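Remember, it's a predicted structure, so these values are computed and weren't measured experimentally.
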Amino acid sequence: MGTLAATTGTMPAIANAATTTIDVPGIGKFDVEVPDQYAAQADQLNQQLNQALSAAPQAMPAAPALPNFAPPAPAQPQTAGDVALDAAKTKVGAMYSWGAAGPYNFDCSGLVQWAFKQAGIKLPRTSFEQSHVGAPVAFQNLKPGDIVITNGGGHVGLYAGDGKLLNAVQSGEPVSYTNLSADDVVTARRIV
């Protein structure tokens, strides 16, 4: 490299060079300085590139389709009941404490109130008051996240699906899942 290249970072001009255009099909044309002794090879390169392009297929074949592939169904938006049930699930194992509404201990209505608060819904405090919120739901139409009132109106929990109620049952027992039958239900409510 010459002194100019060492001090400025630019390449010096090639002595006895001519500017030749290299045509790369599909990419573009490039003017490059080629020493006279390589001008013939540059012309030959252009010819080879043009021949290769004319011999190549004009259209790319289509990619093979994936067998039996269907795009995933769009996710259903979460309801307030879904969010509340997910929140209540994080409290399985928390101890029952009469009058407690979380975040570490709960009574039955306190758990339901706290869970719906996580979904941005303000519910009344007692199971009796909670038995009047939302829309009534028949037992056979229960969906996870519905509020279920049992024990003559004195107990409440969240329907967890598969015949299970997620609830804070009684003193000395942690938040847990219990079995639910139609005979236990006083009313069920859906928060919409």
Side-chain angles (χ1 to χ4, degrees), residues 9 26-28 56-57 59-192:
I27 304 294
M60 296 291 291
L66 294 175
N68 299 325
F69 176 76
Q76 296 292 329
Q78 281 199 314
T79 65
D82 294 330
V83 175
L85 180 60
D86 287 345
K89 287 177 181 178
T90 69
K91 297 304 176 178
V92 169
M95 290 307 293
Y96 179 97
S97 180
W98 187 85
Y104 305 108
N105 297 56
F106 300 91
D107 68 7
C108 64
S109 58
L111 175 65
V112 172
Q113 183 187 46
W114 178 88
F116 273 92
K117 183 177 181 182
Q118 308 317 300
I121 305 291
K122 184 177 180 177
L123 291 183
R125 180 64 183 90
T126 69
S127 58
F128 177 78
E129 293 170 314
Q130 290 174 1
S131 72
H132 295 89
V133 298
V137 181
F139 180 80
Q140 64 271 20
N141 295 327
L142 282 174
K143 290 184 179 178
D146 287 343
I147 297 172
V148 180
I149 310 296
T150 64
N151 196 26
H155 185 71
V156 63
L158 290 169
Y159 185 66
D162 297 323
K164 300 287 184 186
L165 191 66
L166 179 53
N167 54 159
V169 182
Q170 63 184 13
S171 185
E173 291 187 29
V175 171
S176 61
Y177 295 92
T178 56
N179 291 322
L180 180 67
S181 73
D183 294 338
D184 298 330
V185 177
V186 173
T187 187
R189 314 296 287 189
R190 182 166 300 148
I191 305 300
V192 288

- Please examine the side chains of Tyr96 and Asn105, heavy atoms only from C-beta on, and report whether any two atoms are closer than 4.5 Å. no
- Item | Side-chain heavy atoms of Lys164 within contact of Asn179, under 4.5 Å |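 A side-chain contact exists here, since the closest heavy-atom pair is under 4.5 Å.
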- Residues forming a salt bridge (charged side-chain N to carboxylate O under 4.0 Å, His left out) with Arg190, sequence neighbours excluded: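 Only Asp146 meet the salt bridge (charged side-chain N to carboxylate O under 4.0 Å, His left out) criterion with Arg190.
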Examine distances only and state if a side-chain atom of [X] and a backbone atom of [Y] form a donor-acceptor pair shorter than 3.5 Å.
X      : Y      : result
Ser109 : Arg125 : yes
Gln130 : Val156 : no
Asn151 : Gly154 : no

Could you list the donor-acceptor pairs under 3.5 angstrom formed by side chains in residues 167-175, with sequence neighbours left out?
unit_1	atom_1	unit_2	atom_2	d
Asn167	OD1	His155	NE2	2.7
Asn167	ND2	Leu165	O	3.2
Asn167	ND2	Ser176	O	3.1
Asn167	ND2	Thr178	OG1	3.3
Gln170	NE2	Glu173	OE2	2.7

- Query: Stepwise, does the side-chain contact (heavy atoms from CB on, under 4.5 Å) test hold for Val133 with Lys122?
  - Reply: CA-CA 10 Å; Val133 298; Lys122 184 177 180 177; over 6 Å; no
- Query: If you look at every heavy atom in Leu142 and Ala188, which pair is closest and at what distance?
  - Reply: CD2-CB, 3.5 Å
- Task: Could you pull out the closest heavy-atom pair between Asp82 and Pro144, with the gap in Å?
- Result: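 That closest heavy-atom pairing would be OD1-O, 4.0 Å.
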Measuring from [X]:[atom1] to [Y]:[atom2], what's the distance to the nearest 0.5 Å?
X      : Y      : atom1 : atom2 : answer
Ile149 : Asp184 : CD1   : CG    : 13.0 Å
Tyr159 : Asn141 : OH    : CG    : 11.0 Å
Gln113 : Cys108 : CD    : SG    : 11.5 Å
Leu180 : Thr150 : CG    : OG1   : 7.5 Å
Leu158 : Tyr177 : CG    : OH    : 10.0 Å

- Please lay out, stage by stage, how Ile147 and Phe116 fare under the test side-chain contact (heavy atoms from CB on, under 4.5 Å). CA-CA 10 Å; Ile147 297 172; Phe116 273 92; 3.8 Å; yes
Which pairs would a plain distance check flag for residues 85-94, meaning a side-chain donor or acceptor within less than 3.5 Å of a matching protein atom at least two apart in sequence or in another chain?
unit_1	atom_1	unit_2	atom_2	d
Asp86	OD2	Gln78	NE2	3.1
Thr90	OG1	Ala87	O	2.5
Lys91	NZ	Pro103	O	2.9

